[in-house]
**Student:** 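Next up is a structure, given as structure tokens.
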Amino acid sequence: MALLNILRYPDPRLHKVAKHVTVFDARLQKLVADMAETMYEAPGVGLAASQVDVHECIVVIDTSDTHDQLLVLINPEIIAASTEKIVWEEGCLSVPGIYDGVERHVEVTVRAQNVKGEHFELAADGLLAVCIQHEMDHLLGKVFVEYLSPLKRNRIKAKMQKEERALEREASGRPFPKSRR
């Protein structure tokens, strides 16, 4: 297994729409294993393939405290959702350190396939329901900050860009620029 590079907002690749998986083979199994390892290492509770620059409909989730209940959703689709909604404080591995409230359905039922291509349905509520909705947004090219006001979103974008430049300077060994007065 290998750790994968997680794209950071506002990387434009996060806005690509994922394609359905049609081949269920060893490559897919390895990708799912690598995604799970990356999610656990980050640490996070969910990861969509789009976040690791693989634009296929694949999601891994584990909301358990023990990190031993991996859920793999391939080609997921929400087939039912409650009318009742809840505002949940969300974060994202692609937007590290940022948390904000997003309105989500309290309950969802999802139809998906496993790594063997077998179809199944799952009813979820609470954190799992929120996580499913969040990760499925990634497959549609949507990041949770897009639910926030334009002002908040622009501040987050500027902060992420500044952090990315600092990381690039650090990696290259270039000194940080002196502040202008």
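Only heavy atoms go into these numbers, but all of them, side chains included; no hydrogens, no water, no symmetry mates.
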**Student:** Residues two or more places apart in sequence or in another chain: which of them pass side chain to side chain donor-acceptor pair (under 3.5 Å) with R8?
**Tutor:**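 If we apply the side chain to side chain donor-acceptor pair (under 3.5 Å) test to R8, skipping adjacent residues, the hits are E163, E164.
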**Student:** Quick check on the hydrophobic clustering: are V59 and I6 connected, directly or via other members, by side-chain heavy-atom contacts under 4.5 Å?
**Tutor:**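 No.
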**Student:** Go through the structure and list residues passing ring-ring contact (aromatic ring centres under 6.0 Å, His included) with H67, not counting sequence neighbours.
**Tutor:**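 Per chain and number, H67 pairs via ring-ring contact (aromatic ring centres under 6.0 Å, His included) with Y40.
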**Student:** Grouping I, L, V, M, F, W and Y whenever their side-chain heavy atoms are under 4.5 Å apart, do V115 and L73 come out in a common cluster?
**Tutor:**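 Hydrophobic grouping puts V115 apart from L73.
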**Student:** Assess, by modelled atom type and distance only, whether the side chains of H134 and E90 contain a donor and an acceptor separated by less than 3.5 Å.
**Tutor:**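 Yes, a side-chain donor-acceptor pair sits under 3.5 Å.
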**Student:** Should the heavy atoms of other residues, nucleotides or ligands under 6.0 Å from CD of E41 be counted, would the total exceed 12?
**Tutor:**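 Count not over threshold, so no.
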**Student:** What pairs with D137 under side chain to side chain donor-acceptor pair (under 3.5 Å), at least two apart in sequence or on another chain?
**Tutor:**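 Only R104, Y147 meet the side chain to side chain donor-acceptor pair (under 3.5 Å) criterion with D137.
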**Student:** Give the other cluster members for V87, using side-chain heavy-atom distances under 4.5 Å between Ile, Leu, Val, Met, Phe, Trp and Tyr residues; answer none if it is isolated.
**Tutor:**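 Via sub-4.5 Å side-chain contacts, V87 links to none.
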**Student:** Linking directly or through intermediates, with side-chain heavy atoms under 4.5 Å: list the remaining ILVMFWY members grouped with V23, chain and number order.
**Tutor:**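 V23 clusters with nothing; isolated.
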**Student:** For V45, which fellow cluster members are found when Ile, Leu, Val, Met, Phe, Trp and Tyr are connected by side-chain heavy-atom distances below 4.5 angstrom, either directly or through intermediates?
**Tutor:**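 None, because no other hydrophobic side chain comes under 4.5 Å of this residue.
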**Student:** List for me each residue that meets side-chain contact (heavy atoms from CB on, under 4.5 Å) alongside T83, sequence neighbours excluded, and say none if there are none.
**Tutor:**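 Result, side-chain contact (heavy atoms from CB on, under 4.5 Å) vs T83: none returned.
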**Student:** Should V32 and L4 be counted in the same cluster of Ile, Leu, Val, Met, Phe, Trp and Tyr side chains packed under 4.5 Å apart?
**Tutor:**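 Linked within one cluster.
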**Student:** Mind checking the CD-CG spacing from Q51 to D11? Nearest 0.5 Å is all I need.
**Tutor:**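 Those atoms lie 11.5 Å apart.
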**Student:** How long is the gap from OH on Y9 to CZ on F144, to the nearest 0.5 Å?
**Tutor:**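 So the OH of Y9 and the CZ of F144 are separated by 10.0 Å.
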**Student:** Quick one: side-chain contact (heavy atoms from CB on, under 4.5 Å) partners of A123, sequence neighbours excluded?
**Tutor:**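 Counting only residues at least two positions away or on another chain, A123 forms a side-chain contact (heavy atoms from CB on, under 4.5 Å) with T109.
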**Student:** Hey, any chance L3 and M39 share a hydrophobic cluster, counting ILVMFWY side chains that come within less than 4.5 Å of each other, even indirectly?
**Tutor:**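 No, it is not one cluster - the side chains of L3 and M39 are not joined through contacts under 4.5 Å.
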**Student:** Please list all pairs passing the salt bridge (Lys or Arg N to Asp or Glu O under 4.0 Å) test where one or both residues lie in residues 50-76, with sequence neighbours left out.
**Tutor:**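 As it turns out, the salt bridge (Lys or Arg N to Asp or Glu O under 4.0 Å) pairs with a partner in residues 50-76, which skip direct neighbours, are R13-D53, R27-E56.
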**Student:** For the atom pair CG (L7) and NZ (K16), what is the distance rounded to the nearest 0.5 Å?
**Tutor:**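 With rounding to 0.5 Å, CG (L7) is 9.5 Å from NZ (K16).
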**Student:** Can you tell me which residue among V130, L127, I132 is in a side chain to side chain contact (heavy atoms under 4.5 Å, CB included) with T63?
**Tutor:**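 For T63, the side chain to side chain contact (heavy atoms under 4.5 Å, CB included) test succeeds with only one of V130, L127, I132, which is L127.
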**Student:** Exactly one of L139, L47, L31, N75 should register a side chain to side chain contact (heavy atoms under 4.5 Å, CB included) with I58. Which one does?
**Tutor:**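 Exactly one pass, corresponding to L31.
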**Student:** Which residues pass the side chain to side chain donor-acceptor pair (under 3.5 Å) test with N154, not counting sequence neighbours?
**Tutor:**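 Checked N154 against side chain to side chain donor-acceptor pair (under 3.5 Å); zero matches.
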**Student:** So which residues get pulled into I79's cluster when ILVMFWY side chains under 4.5 Å apart are joined, directly or through others?
**Tutor:**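 Noted: I79 shares its cluster with no other residue.
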**Student:** Is there a path of hydrophobic side-chain contacts, each under 4.5 Å between heavy atoms, that joins V143 and M160?
**Tutor:**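 As far as the 4.5 Å side-chain criterion goes, M160 and V143 are connected within one cluster.
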**Student:** Under the side chain to side chain donor-acceptor pair (under 3.5 Å) rule, collect the residues that match up with E89, sequence neighbours excluded.
**Tutor:**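 Result, side chain to side chain donor-acceptor pair (under 3.5 Å) vs E89: none returned.
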